[in-house]
Amino acid sequence: MADIDSLLFNIASFIAGLFLLEYGADKFIDHTAVVAKRLNVSPTLVGLLTCGAEWEELVVIAVALGQKNQSLALGNLMGSSIANILASFSLGLIFMKTATFDRSSKIYAAVLLGLTSVFLLLLYTLSATLKWVAGTLLIVAFVVYVASVATAIYRGVMTAPEDDSDSDSDSDSDSDGDAGDESDDEEKCQGEVEKDRRRSSSSTLTARNSREMELLPSSKTRGKFPRFAPRRSRPKPLRSHIFKLLLGLGALLVSSYIVAHSAGSVGSELGLSGTVVGTTILSLATTLPEKFVAIMGGVRHQPGIMVANTVGSNIFLVTLCGGILFLWGDAEQLQLSFGILEASVMFGSAVLILGIVLGGGKRWMGGVMLGLYVAFLVTEFASGHALVDND
């Protein structure tokens with residue numbers, strides 16, 4: 001029987017850790033990009049590493065491995081990979097009627113299927129002697145992936161992955177266009193104000209009132225332009241961004257420890273195995289940012305954002321995160337944590353997203369994928385309780 005007080009405390013710690021995790025990830029990514037720009041590092045490479053990069057998952061996996069919880073680390077990796085496709089990408093499709101994907105999206109999806117197959121094959125055949133080779137191979141694959149895509153983007157062969165910053169820049173450009181339109185209105189308004197000021201000037205008006213009349217627009221033109229021009233703020237010094245980068249990294253490390261520890265405790269209280277906790281509770285929570293990005297991509301009808309967000313995240317997971325998992329993890333424990341159900345759904349998800357990207361997406365496909373994910377969660381919870389009862 002679960003201790004209610006302990007269960008509620010760990011759930012509260014898990015939720016608080018998630019908020020701190022998102023704060024740390026945002027600060028770390030944002031200020032890393034600023035520091036890289038100030039130091040003249042290639043913005044293409046920075047954009048690639050920050051778009052679809054699962055830094056939260058990487059730290060959570062590292063913390064779980066530090067706690068000798070191999071099953072939680074593996075379950076989080078596989079569960080996040082499944083959730084990114086069946087739960088995040090599907091939400092984007094639901095908010096679209098139809099989706100047509102470009103050439104670069106098809107290349108990304110094909111690469112993901114190949115790397116997912118390699119990861120699962122290495123995991124299935126993993127041994128104490130081969131884990132170093134397998135881990136090094138995946139990390140090298142990540143480096144080659146980053147270098148090849150960065151080179152392709154530089155040569156204009158592929159389009160760069162998009163993220164939230166693109167939408168911000170779009171909104172900035174829109175606001176610039178609006179500002180240009182408002183400048184014409186402002187000139188007309190200033191002429192009207194000048195006429196009104198001359199007509200209303202008399203001996204009864206004080207110098208103070210005359211000055212206010214120059215600043216305030218007439219009733220006909222009020223609200224079309226700002227009263228005062230905004231002041232341009234000086235850019236913050238580099239040391240400020242470095243400090244906030246380190247602050248974000250610290251928040252990332254602390255929150256990952258809280259999330260991993262509390263998730264494991266919740267699983268123990270509920271009688272679930274570490275693998276099930278990683279594939280369900282932990283992965284569902286840590287992939288919330290991908291779900292928000294996918295929804296916005298669907299609402300704005302930008303399928304490229306959805307693919308870059310989903311496929312890029314999964315490539316990051318199966319290469320860099322998978323390589324670290326093999327190098328630091330115990331091969332025997334990882335073999336024991338390997339599940340046919342999780343591996344089959346992970347591989348099937350990669351096949352499914354490739355088929356959708358090649359053939360085009362429909363809204364009903366998103367509904368079917370979301371239904372499959374719910375079925376997967378139910379099966380995982382049921383199998384997790386069954387395993388604990390048998391033990």
**Prompt:** Which atom pair, heavy atoms only, marks the closest approach of R363 to I94?
**Reply:** NE-O, 3.0 Å
**Min side-chain heavy-atom separation Y124-L120 under 4.5 Å** = no
**Prompt:** So, for M369 and L93, which heavy atoms are closest and what is the spacing to 0.1 Å?
**Reply:** SD-CD1, 4.0 Å
**Prompt:** Between S105 and D102, is any side-chain donor less than 3.5 angstrom from a side-chain acceptor?
**Reply:** yes
**Message:** Can you tell me if K106 has over 12 outside heavy atoms packed within less than 6.0 Å of its NZ?
**Reply:** yes
**Message:** Within this structure, what is the CG-CG distance for the pair L115 and L317, rounded to the nearest 0.5 Å?
**Reply:** 11.5 Å
**Message:** Can you give me the closest heavy-atom contact between Q70 and L65, atom names plus distance?
**Reply:** OE1-CD2, 3.4 Å
**Item:** Transitive ILVMFWY side-chain link W328 to V133, under 4.5 Å
**Value:** no
**I82 to S349 - nearest heavy-atom pair and separation** = CG2-OG, 4.2 Å
**Prompt:** Quick one: CG on N314 to CD1 on I85, what's the gap to the nearest 0.5 Å?
**Reply:** 4.5 Å
**Asked** Parallel under 30°, tilted from 30 to 60°, perpendicular over 60°: which one fits the rings of F142 and F316?
**Response** perpendicular
**Non-hydrogen side-chain atoms of F338 and L126 separated by less than 4.5 Å** = no
**Request:** Go through the steps for F347 and F119 under the test ring-ring contact (aromatic ring centres under 6.0 Å, His included), then give the verdict.
**Result:** CA-CA 10 Å; F347 178 77; F119 171 79; over 10 Å; no
**Request:** Over all heavy atoms of both residues, which pair between L354 and A109 is shortest? Give the atoms and the distance, please.
**Result:** CD1-CB, 3.7 Å
**Item:** OH-CD1 distance between Y145 and I315, expressed to the nearest 0.5 angstrom
**Value:** 4.0 Å
**Message:** Taking L130 as the starting point, is it possible to reach I139 by hopping between hydrophobic residues whose side chains are less than 4.5 Å apart?
**Reply:** no
**Atom pair CG (L341) and OG1 (T379), whose distance is rounded to the nearest 0.5 Å** = 6.5 Å
**Request:** Would you check if the side chain of N69 reaches a backbone N or O of A64 as a donor-acceptor pair within less than 3.5 Å?
**Result:** no
**Prompt:** About how many Å separate CG of L20 and CD1 of I15, when rounded to the nearest 0.5 Å?
**Reply:** 14.0 Å
**Asked** Hey, are the side chains of I353 and V357 touching, using non-hydrogen atoms and a 4.5 Å cut-off?
**Response** yes
**Request:** Please answer whether the main-chain N or O of L77 pairs with a side-chain N or O of S81 as donor and acceptor at a distance below 3.5 Å.
**Result:** no
**Complete:** What one should report as the nearest heavy-atom pair of S313 and N84 is CB-ND2, 3.7 Å
**Prompt:** Any donor-acceptor pair under 3.5 Å linking the side chain of H301 with the backbone of T98?
**Reply:** yes
**Complete:** In this structure, CE of M365 is separated from OG of S90 (nearest 0.5 Å) by 13.0 Å
**Asked** Linking I/L/V/M/F/W/Y whenever any side-chain heavy atoms sit under 4.5 Å apart, do V144 and Y108 land together?
**Response** no
**Request:** Could you check if a side-chain atom of V345 sits within less than 4.5 angstrom of a side-chain atom of L372, using non-hydrogen atoms only?
**Result:** no
**Prompt:** Does L72 offer a backbone N or O that forms a donor-acceptor pair with the side chain of N76 under 3.5 Å?
**Reply:** no
**Prompt:** Can you hop from F9 to F14 via hydrophobic side chains spaced under 4.5 Å?
**Reply:** no
**Minimum side-chain heavy-atom gap T136-F326 below 4.5 Å** = no
**Request:** Go through the steps to decide whether V318 and M346 satisfy the test side chain to side chain contact (heavy atoms under 4.5 Å, CB included), and finish with yes or no.
**Result:** CA-CA 11 Å; V318 298; M346 183 177 176; 3.5 Å; yes
**Asked** Does L320 share a hydrophobic cluster with V140, counting links as ILVMFWY side-chain heavy atoms below 4.5 Å and allowing steps through other members?
**Response** no
